[in-house]
Amino acid sequence: MLRNPFEDWGFALWRVALVAGAGVLVGLFVGHVWWGIVAALALELARQLANLHNLLDWLRHRNRRDPPDSGGLWGDMVSLVSRLHRRKQFHKQRILRLFRELRRSTASMPDGVVALNAAREILWFNRKAVELLGLRRKTDYGIAVASLVRVPEFASYLEKGNFGNSLRVRPRIGEGTCLEFQVMPYGEGQLFLLVRDVTRQEQLETMRKDFVANASHELRSPLTVIAGYLETLALDGELPADLRMPILEMRRQSERMTAIVADLLELSRLEANDEQVIGQPIDVAALLAVLRKDLVTRDGARHDVTLSIDSPDGLMGDPGLIHSAFWNLVDNAAKYTPAGGAIALRWWTDGDGGHFSVSDSGPGIAAEHLPRLTERFYRVDPGRARDTGGSGLGLAIGRHVLQRHGGELKIESIEGRGSTFTCHFPHLRLVIESVALAADTRYSPA
Ligand code: ADP
(Lines give C-alpha, C1' and ligand atoms only; values in the text may rest on other atoms or scores of the structure.)
Protein backbone atom coordinates (compact mmCIF):
# COMPACT_ATOMS: atom_id res chain seq x y z
CA MET A 1 0.00 0.00 0.00
CA LEU A 2 1.20 3.51 -0.81
CA ARG A 3 2.11 5.74 2.10
CA ASN A 4 0.84 9.27 2.47
CA PRO A 5 2.79 11.27 -0.19
CA PHE A 6 3.07 14.31 2.09
CA GLU A 7 4.80 12.15 4.72
CA ASP A 8 7.20 10.93 2.02
CA TRP A 9 7.92 14.42 0.74
CA GLY A 10 8.45 15.64 4.35
CA PHE A 11 10.79 12.72 4.99
CA ALA A 12 12.71 13.49 1.78
CA LEU A 13 13.12 17.17 2.71
CA TRP A 14 14.23 16.22 6.23
CA ARG A 15 16.70 13.86 4.72
CA VAL A 16 18.21 16.63 2.51
CA ALA A 17 18.37 18.93 5.57
CA LEU A 18 20.06 16.15 7.62
CA VAL A 19 22.60 15.51 4.84
CA ALA A 20 23.31 19.27 4.62
CA GLY A 21 23.62 19.37 8.46
CA ALA A 22 26.05 16.44 8.41
CA GLY A 23 28.00 18.33 5.70
CA VAL A 24 28.17 21.42 7.98
CA LEU A 25 29.49 19.30 10.89
CA VAL A 26 32.13 17.62 8.73
CA GLY A 27 32.98 21.06 7.21
CA LEU A 28 33.48 22.55 10.71
CA PHE A 29 35.61 19.58 11.64
CA VAL A 30 37.94 20.04 8.60
CA GLY A 31 37.73 23.85 8.68
CA HIS A 32 35.79 24.29 5.33
CA VAL A 33 32.05 24.52 6.05
CA TRP A 34 30.96 25.13 2.39
CA TRP A 35 33.07 22.31 1.05
CA GLY A 36 31.53 20.00 3.65
CA ILE A 37 27.95 21.00 2.51
CA VAL A 38 28.81 20.64 -1.21
CA ALA A 39 30.38 17.21 -0.66
CA ALA A 40 27.38 15.97 1.40
CA LEU A 41 24.85 17.21 -1.21
CA ALA A 42 26.95 15.71 -4.04
CA LEU A 43 26.78 12.33 -2.29
CA GLU A 44 23.00 12.66 -1.89
CA LEU A 45 22.68 13.59 -5.62
CA ALA A 46 24.78 10.53 -6.56
CA ARG A 47 22.44 8.34 -4.47
CA GLN A 48 19.36 9.80 -6.23
CA LEU A 49 20.97 9.27 -9.66
CA ALA A 50 21.70 5.65 -8.72
CA ASN A 51 18.02 5.19 -7.78
CA LEU A 52 16.95 6.77 -11.08
CA HIS A 53 19.31 4.47 -12.97
CA ASN A 54 17.90 1.40 -11.17
CA LEU A 55 14.35 2.50 -11.97
CA LEU A 56 15.08 3.12 -15.65
CA ASP A 57 16.91 -0.18 -15.90
CA TRP A 58 13.98 -2.04 -14.39
CA LEU A 59 11.46 -0.23 -16.62
CA ARG A 60 13.42 -1.26 -19.70
CA HIS A 61 13.65 -4.91 -18.67
CA ARG A 62 10.68 -5.21 -16.37
CA ASN A 63 9.51 -8.50 -17.85
CA ARG A 64 12.77 -10.17 -16.78
CA ARG A 65 13.80 -8.26 -13.63
CA ASP A 66 12.41 -7.81 -10.16
CA PRO A 67 11.57 -4.23 -9.18
CA PRO A 68 14.45 -2.33 -7.44
CA ASP A 69 14.30 -2.36 -3.68
CA SER A 70 14.14 1.43 -3.14
CA GLY A 71 12.56 3.23 -0.25
CA GLY A 72 10.78 6.60 0.08
CA LEU A 73 9.53 8.40 -3.02
CA TRP A 74 11.45 6.03 -5.31
CA GLY A 75 9.76 3.03 -3.68
CA ASP A 76 6.33 4.66 -4.18
CA MET A 77 7.15 5.26 -7.83
CA VAL A 78 8.24 1.65 -8.32
CA SER A 79 5.09 0.21 -6.71
CA LEU A 80 2.87 2.61 -8.71
CA VAL A 81 4.50 1.58 -11.98
CA SER A 82 4.29 -2.12 -10.99
CA ARG A 83 0.61 -1.76 -10.27
CA LEU A 84 -0.08 -0.04 -13.62
CA HIS A 85 1.94 -2.70 -15.39
CA ARG A 86 0.05 -5.55 -13.69
CA ARG A 87 -3.28 -3.95 -14.55
CA LYS A 88 -2.24 -3.51 -18.20
CA GLN A 89 -1.10 -7.14 -18.37
CA PHE A 90 -4.39 -8.28 -16.89
CA HIS A 91 -6.47 -6.35 -19.48
CA LYS A 92 -4.18 -7.45 -22.29
CA GLN A 93 -4.63 -11.10 -21.31
CA ARG A 94 -8.38 -10.65 -21.04
CA ILE A 95 -8.63 -9.06 -24.51
CA LEU A 96 -6.37 -11.75 -25.95
CA ARG A 97 -8.54 -14.46 -24.38
CA LEU A 98 -11.71 -12.80 -25.76
CA PHE A 99 -10.15 -12.41 -29.19
CA ARG A 100 -9.06 -16.07 -29.27
CA GLU A 101 -12.54 -17.08 -28.15
CA LEU A 102 -14.09 -14.94 -30.89
CA ARG A 103 -11.75 -16.40 -33.49
CA ARG A 104 -12.47 -19.94 -32.36
CA SER A 105 -16.25 -19.37 -32.41
CA THR A 106 -16.27 -17.62 -35.80
CA ALA A 107 -14.00 -20.34 -37.21
CA SER A 108 -16.65 -22.92 -36.33
CA MET A 109 -19.38 -20.91 -38.09
CA PRO A 110 -20.76 -22.55 -41.22
CA ASP A 111 -20.84 -19.14 -42.96
CA GLY A 112 -18.00 -16.91 -44.05
CA VAL A 113 -17.89 -13.59 -42.18
CA VAL A 114 -15.99 -10.54 -43.43
CA ALA A 115 -15.92 -7.23 -41.52
CA LEU A 116 -15.62 -4.20 -43.81
CA ASN A 117 -15.00 -0.54 -43.04
CA ALA A 118 -17.01 2.33 -44.55
CA ALA A 119 -14.73 2.28 -47.63
CA ARG A 120 -15.63 -1.44 -48.10
CA GLU A 121 -12.08 -2.48 -47.21
CA ILE A 122 -11.45 -5.71 -45.33
CA LEU A 123 -10.89 -5.33 -41.59
CA TRP A 124 -11.11 -8.97 -40.60
CA PHE A 125 -12.47 -12.32 -41.83
CA ASN A 126 -12.98 -15.85 -40.51
CA ARG A 127 -11.66 -19.21 -41.72
CA LYS A 128 -14.77 -20.03 -43.78
CA ALA A 129 -14.37 -16.75 -45.71
CA VAL A 130 -10.84 -17.89 -46.59
CA GLU A 131 -12.27 -21.12 -47.98
CA LEU A 132 -15.23 -19.57 -49.85
CA LEU A 133 -13.67 -16.39 -51.20
CA GLY A 134 -10.03 -17.43 -51.40
CA LEU A 135 -8.96 -14.60 -49.10
CA ARG A 136 -5.44 -14.64 -47.63
CA ARG A 137 -4.69 -13.63 -44.08
CA LYS A 138 -2.30 -10.70 -43.59
CA THR A 139 -2.06 -9.72 -47.29
CA ASP A 140 -5.77 -9.09 -47.85
CA TYR A 141 -6.43 -6.93 -44.79
CA GLY A 142 -7.13 -3.34 -45.87
CA ILE A 143 -7.92 -4.30 -49.49
CA ALA A 144 -11.25 -3.33 -51.11
CA VAL A 145 -13.40 -6.49 -51.00
CA ALA A 146 -14.85 -5.89 -54.49
CA SER A 147 -11.36 -6.13 -55.99
CA LEU A 148 -10.91 -9.59 -54.44
CA VAL A 149 -14.41 -10.96 -55.10
CA ARG A 150 -14.31 -10.22 -58.80
CA VAL A 151 -18.01 -10.51 -59.67
CA PRO A 152 -19.71 -7.49 -61.30
CA GLU A 153 -23.07 -8.21 -59.60
CA PHE A 154 -21.34 -8.24 -56.21
CA ALA A 155 -19.65 -4.89 -56.90
CA SER A 156 -22.94 -3.25 -57.87
CA TYR A 157 -24.72 -4.88 -54.87
CA LEU A 158 -22.19 -3.24 -52.54
CA GLU A 159 -22.35 0.05 -54.42
CA LYS A 160 -26.15 0.31 -54.38
CA GLY A 161 -26.22 -0.11 -50.60
CA ASN A 162 -29.69 -1.67 -50.66
CA PHE A 163 -29.01 -4.61 -48.36
CA GLY A 164 -32.61 -5.70 -47.69
CA ASN A 165 -32.17 -8.71 -49.98
CA SER A 166 -29.34 -11.19 -50.32
CA LEU A 167 -27.41 -11.75 -53.55
CA ARG A 168 -26.76 -15.13 -55.19
CA VAL A 169 -23.86 -15.40 -57.64
CA ARG A 170 -21.55 -17.91 -59.23
CA PRO A 171 -18.14 -16.31 -58.63
CA ARG A 172 -15.97 -18.74 -60.56
CA ILE A 173 -17.51 -19.45 -63.92
CA GLY A 174 -17.48 -23.13 -64.80
CA GLU A 175 -16.94 -24.36 -61.24
CA GLY A 176 -20.63 -24.50 -60.46
CA THR A 177 -20.29 -23.08 -56.93
CA CYS A 178 -23.12 -20.79 -55.97
CA LEU A 179 -22.57 -18.26 -53.18
CA GLU A 180 -25.09 -16.17 -51.32
CA PHE A 181 -24.00 -12.79 -49.93
CA GLN A 182 -25.88 -10.93 -47.23
CA VAL A 183 -24.68 -7.59 -45.89
CA MET A 184 -25.53 -6.28 -42.41
CA PRO A 185 -24.56 -2.67 -41.66
CA TYR A 186 -23.27 -1.84 -38.16
CA GLY A 187 -21.49 1.00 -36.35
CA GLU A 188 -20.66 4.03 -38.45
CA GLY A 189 -20.81 2.78 -42.01
CA GLN A 190 -19.09 -0.55 -41.27
CA LEU A 191 -20.52 -3.73 -42.76
CA PHE A 192 -20.64 -7.38 -41.89
CA LEU A 193 -20.59 -9.51 -45.02
CA LEU A 194 -21.98 -13.03 -44.60
CA VAL A 195 -21.10 -15.55 -47.33
CA ARG A 196 -22.79 -18.93 -47.64
CA ASP A 197 -22.30 -21.81 -50.04
CA VAL A 198 -25.78 -22.46 -51.49
CA THR A 199 -24.69 -24.75 -54.33
CA ARG A 200 -26.59 -27.73 -52.92
CA GLN A 201 -29.72 -25.62 -52.29
CA GLU A 202 -29.53 -24.29 -55.84
CA GLN A 203 -29.20 -27.80 -57.22
CA LEU A 204 -32.22 -29.00 -55.21
CA GLU A 205 -34.19 -25.93 -56.27
CA THR A 206 -33.33 -26.58 -59.92
CA MET A 207 -34.25 -30.25 -59.52
CA ARG A 208 -37.57 -29.28 -57.94
CA LYS A 209 -38.32 -26.79 -60.70
CA ASP A 210 -37.36 -29.32 -63.39
CA PHE A 211 -39.50 -31.98 -61.74
CA VAL A 212 -42.56 -29.70 -61.56
CA ALA A 213 -42.04 -28.56 -65.16
CA ASN A 214 -41.60 -32.15 -66.43
CA ALA A 215 -44.51 -33.56 -64.40
CA SER A 216 -46.81 -30.75 -65.60
CA HIS A 217 -45.68 -31.30 -69.16
CA GLU A 218 -46.29 -35.07 -68.92
CA LEU A 219 -49.73 -34.55 -67.36
CA ARG A 220 -50.88 -32.16 -70.05
CA SER A 221 -51.50 -34.71 -72.85
CA PRO A 222 -53.44 -37.34 -70.82
CA LEU A 223 -55.51 -34.55 -69.28
CA THR A 224 -56.40 -33.16 -72.71
CA VAL A 225 -57.58 -36.63 -73.78
CA ILE A 226 -59.66 -37.12 -70.61
CA ALA A 227 -61.16 -33.63 -70.89
CA GLY A 228 -61.99 -34.27 -74.57
CA TYR A 229 -63.79 -37.57 -73.82
CA LEU A 230 -65.65 -36.04 -70.89
CA GLU A 231 -66.81 -33.18 -73.10
CA THR A 232 -68.05 -35.62 -75.74
CA LEU A 233 -69.81 -37.67 -73.08
CA ALA A 234 -71.44 -34.59 -71.54
CA LEU A 235 -72.84 -33.61 -74.96
CA ASP A 236 -74.18 -37.10 -75.61
CA GLY A 237 -77.99 -36.86 -75.54
CA GLU A 238 -78.34 -40.60 -74.81
CA LEU A 239 -76.34 -40.43 -71.60
CA PRO A 240 -78.30 -42.14 -68.75
CA ALA A 241 -79.71 -39.51 -66.36
CA ASP A 242 -77.91 -40.96 -63.31
CA LEU A 243 -74.54 -40.47 -65.05
CA ARG A 244 -75.15 -36.86 -66.06
CA MET A 245 -74.21 -35.34 -62.68
CA PRO A 246 -71.02 -37.40 -62.13
CA ILE A 247 -69.88 -36.67 -65.69
CA LEU A 248 -70.49 -32.93 -65.19
CA GLU A 249 -68.50 -32.99 -61.93
CA MET A 250 -65.68 -34.96 -63.59
CA ARG A 251 -65.62 -32.39 -66.38
CA ARG A 252 -65.44 -29.54 -63.87
CA GLN A 253 -62.57 -31.21 -62.02
CA SER A 254 -60.68 -32.02 -65.22
CA GLU A 255 -60.97 -28.35 -66.23
CA ARG A 256 -59.51 -27.39 -62.84
CA MET A 257 -56.65 -29.83 -63.29
CA THR A 258 -56.00 -28.47 -66.77
CA ALA A 259 -55.93 -24.93 -65.35
CA ILE A 260 -53.50 -25.98 -62.57
CA VAL A 261 -51.19 -27.73 -65.04
CA ALA A 262 -51.27 -24.71 -67.38
CA ASP A 263 -50.43 -22.37 -64.45
CA LEU A 264 -47.63 -24.68 -63.24
CA LEU A 265 -46.11 -24.66 -66.72
CA GLU A 266 -46.42 -20.86 -66.86
CA LEU A 267 -44.75 -20.56 -63.45
CA SER A 268 -41.95 -22.94 -64.49
CA ARG A 269 -41.35 -20.86 -67.62
CA LEU A 270 -41.17 -17.68 -65.54
CA GLU A 271 -38.87 -19.24 -62.93
CA ALA A 272 -36.53 -20.69 -65.53
CA ASN A 273 -35.27 -17.20 -66.29
CA ASP A 274 -34.99 -14.21 -64.01
CA GLU A 275 -33.74 -11.77 -66.60
CA GLN A 276 -35.72 -8.58 -67.03
CA VAL A 277 -38.31 -8.61 -69.80
CA ILE A 278 -37.80 -5.85 -72.37
CA GLY A 279 -41.07 -6.34 -74.24
CA GLN A 280 -42.91 -3.65 -76.15
CA PRO A 281 -45.03 -0.58 -75.34
CA ILE A 282 -48.43 -1.49 -73.89
CA ASP A 283 -51.35 0.92 -73.91
CA VAL A 284 -52.49 0.35 -70.33
CA ALA A 285 -55.72 2.34 -70.74
CA ALA A 286 -56.80 0.13 -73.64
CA LEU A 287 -55.76 -3.06 -71.82
CA LEU A 288 -57.76 -2.13 -68.71
CA ALA A 289 -60.80 -1.21 -70.78
CA VAL A 290 -60.66 -4.71 -72.30
CA LEU A 291 -60.27 -6.35 -68.87
CA ARG A 292 -63.27 -4.44 -67.50
CA LYS A 293 -65.38 -5.35 -70.55
CA ASP A 294 -64.40 -9.04 -70.25
CA LEU A 295 -65.36 -9.07 -66.57
CA VAL A 296 -68.70 -7.36 -67.12
CA THR A 297 -69.47 -9.66 -70.07
CA ARG A 298 -68.69 -12.73 -67.96
CA ASP A 299 -70.36 -11.71 -64.69
CA GLY A 300 -73.11 -9.37 -65.92
CA ALA A 301 -74.08 -6.82 -63.27
CA ARG A 302 -72.88 -8.98 -60.32
CA HIS A 303 -70.52 -6.20 -59.23
CA ASP A 304 -70.24 -2.49 -59.69
CA VAL A 305 -66.98 -2.32 -61.68
CA THR A 306 -65.39 1.13 -62.13
CA LEU A 307 -62.28 2.00 -64.10
CA SER A 308 -60.27 5.19 -63.64
CA ILE A 309 -57.39 6.00 -65.92
CA ASP A 310 -55.48 8.85 -64.29
CA SER A 311 -52.54 8.82 -66.67
CA PRO A 312 -52.29 8.49 -70.44
CA ASP A 313 -48.85 6.86 -70.10
CA GLY A 314 -48.26 3.29 -71.16
CA LEU A 315 -45.98 0.54 -69.95
CA MET A 316 -43.00 -1.20 -71.49
CA GLY A 317 -43.40 -4.95 -71.05
CA ASP A 318 -44.59 -8.31 -72.30
CA PRO A 319 -48.30 -7.81 -73.24
CA GLY A 320 -49.22 -11.48 -72.61
CA LEU A 321 -47.59 -11.60 -69.16
CA ILE A 322 -48.97 -8.22 -68.07
CA HIS A 323 -52.44 -9.20 -69.28
CA SER A 324 -52.33 -12.45 -67.29
CA ALA A 325 -51.06 -10.76 -64.09
CA PHE A 326 -53.65 -7.94 -64.27
CA TRP A 327 -56.48 -10.31 -65.19
CA ASN A 328 -55.71 -12.57 -62.22
CA LEU A 329 -56.14 -9.61 -59.84
CA VAL A 330 -59.37 -8.53 -61.51
CA ASP A 331 -60.65 -12.13 -61.58
CA ASN A 332 -59.75 -12.65 -57.88
CA ALA A 333 -61.61 -9.47 -56.91
CA ALA A 334 -64.67 -10.75 -58.76
CA LYS A 335 -64.33 -14.29 -57.34
CA TYR A 336 -63.98 -13.29 -53.71
CA THR A 337 -66.33 -10.27 -53.61
CA PRO A 338 -69.96 -11.23 -53.00
CA ALA A 339 -72.61 -10.15 -55.51
CA GLY A 340 -73.54 -6.47 -55.17
CA GLY A 341 -70.00 -5.49 -54.07
CA ALA A 342 -67.80 -2.89 -55.74
CA ILE A 343 -64.57 -3.38 -57.71
CA ALA A 344 -62.42 -0.38 -58.66
CA LEU A 345 -59.59 -0.55 -61.21
CA ARG A 346 -57.14 2.38 -61.33
CA TRP A 347 -54.03 3.27 -63.32
CA TRP A 348 -51.91 6.27 -62.39
CA THR A 349 -48.34 7.48 -62.63
CA ASP A 350 -46.22 9.68 -60.36
CA GLY A 351 -42.57 10.36 -59.52
CA ASP A 352 -42.13 6.74 -58.39
CA GLY A 353 -43.41 5.18 -61.62
CA GLY A 354 -46.67 3.57 -62.79
CA HIS A 355 -49.25 1.90 -60.57
CA PHE A 356 -52.23 -0.35 -61.26
CA SER A 357 -54.57 -1.14 -58.38
CA VAL A 358 -57.59 -3.38 -57.98
CA SER A 359 -59.71 -2.58 -54.91
CA ASP A 360 -62.70 -4.59 -53.85
CA SER A 361 -65.30 -4.43 -51.11
CA GLY A 362 -64.97 -8.17 -50.50
CA PRO A 363 -64.29 -10.08 -47.27
CA GLY A 364 -60.71 -8.83 -46.94
CA ILE A 365 -57.75 -10.88 -45.74
CA ALA A 366 -56.43 -11.17 -42.18
CA ALA A 367 -53.00 -9.54 -41.69
CA GLU A 368 -51.25 -12.82 -40.84
CA HIS A 369 -52.00 -14.21 -44.34
CA LEU A 370 -50.75 -11.19 -46.31
CA PRO A 371 -46.99 -12.02 -46.34
CA ARG A 372 -47.68 -15.59 -47.56
CA LEU A 373 -50.35 -14.82 -50.15
CA THR A 374 -48.00 -14.93 -53.14
CA GLU A 375 -46.63 -18.39 -52.21
CA ARG A 376 -47.71 -21.12 -54.57
CA PHE A 377 -50.94 -22.87 -53.50
CA TYR A 378 -51.33 -20.64 -50.46
CA ARG A 379 -54.99 -19.97 -49.78
CA VAL A 380 -56.68 -18.10 -46.98
CA ASP A 381 -59.68 -20.39 -47.00
CA PRO A 382 -58.68 -23.54 -48.95
CA GLY A 383 -62.23 -24.94 -49.18
CA ARG A 384 -63.72 -21.70 -50.47
CA ALA A 385 -60.85 -21.01 -52.85
CA ARG A 386 -61.21 -24.47 -54.40
CA ASP A 387 -64.96 -23.87 -54.89
CA THR A 388 -64.13 -20.74 -56.89
CA GLY A 389 -62.07 -22.95 -59.25
CA GLY A 390 -58.78 -21.14 -58.70
CA SER A 391 -55.44 -22.93 -59.10
CA GLY A 392 -53.83 -21.19 -56.10
CA LEU A 393 -51.00 -20.08 -58.38
CA GLY A 394 -52.35 -16.80 -59.77
CA LEU A 395 -50.64 -14.46 -57.30
CA ALA A 396 -47.37 -16.46 -57.43
CA ILE A 397 -47.38 -16.02 -61.22
CA GLY A 398 -48.30 -12.32 -60.85
CA ARG A 399 -45.39 -11.72 -58.46
CA HIS A 400 -42.93 -13.31 -60.91
CA VAL A 401 -44.34 -11.33 -63.83
CA LEU A 402 -43.90 -8.08 -61.91
CA GLN A 403 -40.36 -9.06 -60.83
CA ARG A 404 -39.44 -9.70 -64.46
CA HIS A 405 -40.64 -6.13 -65.17
CA GLY A 406 -38.69 -4.60 -62.26
CA GLY A 407 -41.95 -4.08 -60.38
CA GLU A 408 -43.56 -5.44 -57.23
CA LEU A 409 -46.96 -6.40 -55.86
CA LYS A 410 -48.25 -4.74 -52.68
CA ILE A 411 -51.30 -6.06 -50.87
CA GLU A 412 -53.35 -4.08 -48.38
CA SER A 413 -56.45 -5.48 -46.77
CA ILE A 414 -58.77 -4.98 -43.83
CA GLU A 415 -60.80 -7.98 -42.78
CA GLY A 416 -64.48 -7.43 -43.47
CA ARG A 417 -63.82 -4.23 -45.46
CA GLY A 418 -62.04 -5.31 -48.64
CA SER A 419 -58.63 -5.56 -50.27
CA THR A 420 -56.40 -3.56 -52.59
CA PHE A 421 -53.78 -5.27 -54.76
CA THR A 422 -51.37 -2.78 -56.34
CA CYS A 423 -48.79 -3.45 -59.05
CA HIS A 424 -45.94 -0.91 -58.87
CA PHE A 425 -43.67 -0.40 -61.90
CA PRO A 426 -40.46 1.64 -61.89
CA HIS A 427 -40.31 4.93 -63.75
CA LEU A 428 -38.07 3.58 -66.49
CA ARG A 429 -40.85 1.13 -67.47
CA LEU A 430 -43.23 3.96 -68.36
CA VAL A 431 -43.96 4.82 -71.96
CA ILE A 432 -44.73 8.49 -72.04
CA GLU A 433 -47.98 9.13 -73.93
CA SER A 434 -46.58 11.03 -76.94
CA VAL A 435 -44.07 8.25 -77.62
CA ALA A 436 -46.70 5.54 -77.41
CA LEU A 437 -49.06 7.36 -79.76
CA ALA A 438 -46.29 8.09 -82.23
CA ALA A 439 -45.38 4.41 -82.28
CA ASP A 440 -49.08 3.51 -82.71
CA THR A 441 -48.91 0.61 -80.31
CA ARG A 442 -52.49 0.38 -79.08
CA TYR A 443 -53.03 -2.81 -77.10
CA SER A 444 -55.01 -5.42 -79.00
CA PRO A 445 -55.89 -8.56 -77.03
CA ALA A 446 -55.05 -11.77 -78.80
P1 ADP B 1 -56.60 -18.65 -56.37
O2 ADP B 1 -56.54 -19.32 -57.67
O3 ADP B 1 -56.89 -19.58 -55.22
O4 ADP B 1 -57.44 -17.42 -56.39
P5 ADP B 1 -54.39 -16.81 -56.09
O6 ADP B 1 -52.94 -17.06 -56.04
O7 ADP B 1 -54.87 -15.91 -57.17
O8 ADP B 1 -55.08 -18.22 -56.14
O9 ADP B 1 -54.83 -16.23 -54.68
C10 ADP B 1 -54.34 -16.84 -53.51
C11 ADP B 1 -55.33 -16.67 -52.36
O12 ADP B 1 -55.41 -15.29 -52.00
C13 ADP B 1 -56.75 -17.04 -52.70
O14 ADP B 1 -56.95 -18.42 -52.54
C15 ADP B 1 -57.55 -16.22 -51.71
O16 ADP B 1 -57.61 -16.92 -50.47
C17 ADP B 1 -56.70 -14.97 -51.52
N18 ADP B 1 -57.20 -13.83 -52.32
C19 ADP B 1 -56.72 -13.40 -53.51
N20 ADP B 1 -57.37 -12.31 -53.93
C21 ADP B 1 -58.29 -12.03 -52.98
C22 ADP B 1 -59.28 -11.00 -52.83
N23 ADP B 1 -59.46 -10.03 -53.75
N24 ADP B 1 -60.04 -11.02 -51.70
C25 ADP B 1 -59.85 -11.96 -50.76
N26 ADP B 1 -58.96 -12.96 -50.84
C27 ADP B 1 -58.17 -12.99 -51.95
Side-chain angles (χ1 to χ4, degrees), residues 209 212-213 216 219-220 223 227 252-271 288 291-292 294-296 298-299 302-308 320-347 355-405 407-424:
K209 282 181 193 163
V212 172
S216 315
L219 281 172
R220 203 163 56 163
L223 263 176
R252 211 170 66 89
Q253 293 300 339
S254 82
E255 275 166 11
R256 249 196 82 211
M257 277 162 75
T258 310
I260 292 175
V261 166
D263 279 357
L264 276 174
L265 280 170
E266 170 95 15
L267 201 55
S268 302
R269 259 196 301 274
L270 284 167
E271 282 180 340
L288 295 185
L291 293 187
R292 182 181 179 275
D294 286 353
L295 183 65
V296 174
R298 190 188 73 183
D299 292 355
R302 216 173 100 86
H303 302 106
D304 172 24
V305 187
T306 55
L307 168 64
S308 61
L321 291 180
I322 293 290
H323 177 276
S324 101
F326 283 11
W327 172 251
N328 179 60
L329 297 183
V330 175
D331 185 39
N332 275 352
K335 270 193 313 197
Y336 298 106
T337 305
I343 298 174
L345 316 182
R346 186 179 169 223
W347 166 248
H355 319 275
F356 167 60
S357 71
V358 181
S359 304
D360 64 57
S361 62
I365 304 155
E368 74 258 26
H369 297 294
L370 294 182
R372 301 197 55 194
L373 225 51
T374 56
E375 286 175 20
R376 48 186 77 200
F377 297 117
Y378 188 84
R379 280 140 165 167
V380 176
D381 178 350
R384 207 169 136 233
R386 256 176 229 123
D387 289 346
T388 60
S391 67
L393 294 165
L395 290 179
I397 293 176
R399 180 169 62 97
H400 272 283
V401 168
L402 294 184
Q403 270 172 6
R404 296 276 303 272
H405 288 79
E408 57 177 340
L409 178 68
K410 287 269 164 70
I411 309 168
E412 291 157 287
S413 189
I414 301 175
E415 237 184 322
R417 300 263 296 273
S419 318
T420 299
F421 290 73
T422 311
C423 305
H424 297 280

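Positions are given from 1 along the sequence. In listed order, ligands and their atoms are each counted from 1.
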Inset, instruction - Let me know which of Leu345, Ile322, Leu402 forms a side chain to side chain contact (heavy atoms under 4.5 Å, CB included) with Phe356. - result: Leu345

Inset, instruction - Answer yes or no: is there a side-chain heavy-atom contact under 4.5 Å between Leu291 and Phe326? - result: yes

Inset, instruction - Have a look at ligand 1 and work out which part of Phe421, if any, has a heavy atom under 4.0 Å from it: side chain, backbone, both or neither. - result: side chain

Inset, instruction - With heavy atoms under 4.0 Å as the rule, classify the contact between Asp360 and ligand 1 as side chain, backbone, both or neither. - result: side chain

Inset, instruction - May I ask you to test the Asn328-Ile397 pair for a side-chain heavy-atom distance under 4.5 Å? - result: no

Legend entry - Ser391 to ligand 1, any heavy atom closer than 4.0 Å: yes

Inset, instruction - Indicate whether any N or O donor in one side chain lies under 3.5 Å from an N or O acceptor in the other, for Ser413 and Ser419. - result: yes

Inset, instruction - Check if Arg376 has a non-hydrogen atom at a distance under 4.0 Å from any atom of ligand 1. - result: no

Inset, instruction - Please could you name the atoms of ligand 1 that Leu373 approaches to less than 4.0 Å, counting only its heavy atoms? - result: 12 (O)

Inset, instruction - Number the atoms of ligand 1 from 1 as they appear, then name those within less than 4.0 Å of a heavy atom of Ile365, with their elements. - result: 25 (C), 26 (N), 27 (C)

Legend entry - ligand 1 atoms in contact with Tyr378 (distance to a heavy atom under 4.0 Å): 10 (C), 11 (C)

Inset, instruction - Have a look at Glu375, Arg379, Lys335 and point out the one with the heavy atom closest to atom 14 (O) of ligand 1. - result: Arg379

Legend entry - Note, Leu321 side chain near Glu266 side chain (heavy atom, < 4.5 Å): yes

Inset, instruction - Would you check the N or O atoms of Leu395, main chain and side chain alike, for any that come under 3.5 Å of an N or O of ligand 1? - result: yes

Legend entry - Sub-4.0 Å atoms of ligand 1 with respect to non-hydrogen atoms of Ser419: 24 (N)

Inset, instruction - Give me the one residue out of Arg346, Lys410, His424 that meets side-chain hydrogen bond (donor to acceptor under 3.5 Å, both in side chains) with His355. - result: His424

Inset, instruction - Could you list which atoms of ligand 1 come closer than 4.0 Å to a heavy atom of Gly392? - result: 1 (P), 2 (O), 3 (O), 6 (O), 8 (O)

Inset, instruction - Indicate, as side chain, backbone, both or neither, the part of Asn328 found under 4.0 angstrom from ligand 1 when only non-hydrogen atoms are considered. - result: side chain

Legend entry - Side chain to side chain, Asp294 and Trp327, heavy atoms closer than 4.5 Å: yes

Inset, instruction - State, yes or no, whether a side-chain contact exists between Leu270 and Gln403 at a heavy-atom distance under 4.5 Å. - result: no

